[in-house]
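Step one of this worksheet: look at the structure below.
This structure is a prediction, so every number in the text was calculated from the model and none was measured. Sequence lines set the chain letters: A, B, ... in the order given, protein chains first and strands last, and positions in each chain run from 1.
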Amino acid sequence: MINRPKILKHILHPWNVSPGNAIEIQKRLAGHISRKAEPMCIRSVGGMDVCYREDSARAAVVVMSYPELDLLDSAVVTESVDFPYVPGLLSFREGPVILKAIDRLNSVPDLLIFDGHGIAHPRRFGIASHIGLLLNIPSIGCAKTRLCGHHSDLNRKQGSYSFLADQGETIGAVLRTRADVKPLYVSIGHRIDLSVGIRFVLTCCRGYRLPETTRLADRLARF
DNA sequence: GCGACAG
DNA sequence: ATCTTGTCGC
């Protein structure tokens, strides 16, 4: 049974654009992001990561059952990259190869967990929001470091968190996924709300700092 | 002008 | 992210 994701054709855009053009695209598409939870049954979660070597980028995407977290499917794609890394424009560098990898899956996950921010972004349109919107799949941003926003200190015990705020609005949460280690920056990607996203991330971490999907994808993408 | 800056 | 040197814990 093949069930490939369908990219939203009406909002598809070119990727080989100038940084200034990319910013305009982000501002336009940010208005399409839904920050609300939807009645949904999550039976599988997807995760992805990208590794680089010289001019090549390799994306790995995995699909795991939820909540068991057994591997169901995976895909790896390697191709050259042109767009440079620019803080705030990560999706224009990693988006193309990630979409190709997802397109090779035999089943579409019910939820996508990204290695990067969702709306915890200067224009509220990080890579988790961008790809989640194009594929119309609920998504969560899970970044290891901060891009923007501020927060108060949090306890060192697992599960504690504090909200990440920027320009007067809550854009995410800083979550202690494992006691006494650096917290994770969790934010809404698309079609989910923050509290639900936090719960999903916690149940995907199994005692580690990062979600199992991210850990496995990183392993598969390694050169 | 200066500091900050996902991967 | 990747590279690289040194240190620490299991």
Just checking [X]: base, sugar-phosphate only, or nothing, at a heavy-atom cut-off of under 4.0 Å?
X: A:Cys148; result: nothing
X: A:Arg53; result: nothing
X: A:Leu89; result: base
X: A:Arg58; result: nothing
X: A:Gly141; result: nothing

To the nearest Å, how far apart are [X] [atom1] and [N] [atom2]?
X: A:Asp180; N: C:dC8; atom1: CG; atom2: P; answer: 20 Å
X: A:Leu147; N: B:dC5; atom1: CG; atom2: P; answer: 9 Å
X: A:Ile23; N: B:dC5; atom1: CD1; atom2: P; answer: 17 Å
X: A:Ile127; N: B:dC5; atom1: CD1; atom2: P; answer: 19 Å
X: A:His150; N: B:dA6; atom1: NE2; atom2: C1'; answer: 15 Å
X: A:Leu184; N: B:dA6; atom1: CG; atom2: C1'; answer: 12 Å
X: A:Asp166; N: B:dC5; atom1: CG; atom2: C1'; answer: 13 Å
X: A:Tyr52; N: C:dT2; atom1: OH; atom2: C1'; answer: 11 Å

Would you say [X] reaches [N]'s phosphate, i.e. side-chain N/O to OP1/OP2 under 4.0 Å?
X: A:Lys144; N: B:dA6; answer: no
X: A:Thr145; N: B:dG7; answer: yes
X: A:Arg222; N: C:dT2; answer: yes

| said: Measuring from atom CZ of A:Arg178 to atom CG of A:Leu184, what distance do you get when rounded to the nearest 0.5 angstrom? | reply: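 Reported to 0.5 Å precision, the distance equals 13.0 Å.
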Taking the six-membered ring for Trp and the single ring otherwise, decide whether the centroids of [X] and [Y] are under 6.0 Å apart.
X: A:Tyr66; Y: A:Phe200; value: yes
X: A:His13; Y: A:Phe92; value: yes
X: A:Phe163; Y: A:Tyr161; value: yes

| Has A:Tyr185 got its ring stacked on B:dA6, by the test of a centre gap below 5.5 Å and a plane angle below 30°? |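 Here the ring of A:Tyr185 and the base of B:dA6 are not stacked, as the 5.5 Å and 30° limits are not both satisfied.
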| Is the shortest heavy-atom distance from the side chain of A:Ile127 to the side chain of A:Ile98 under 4.5 Å? | yes
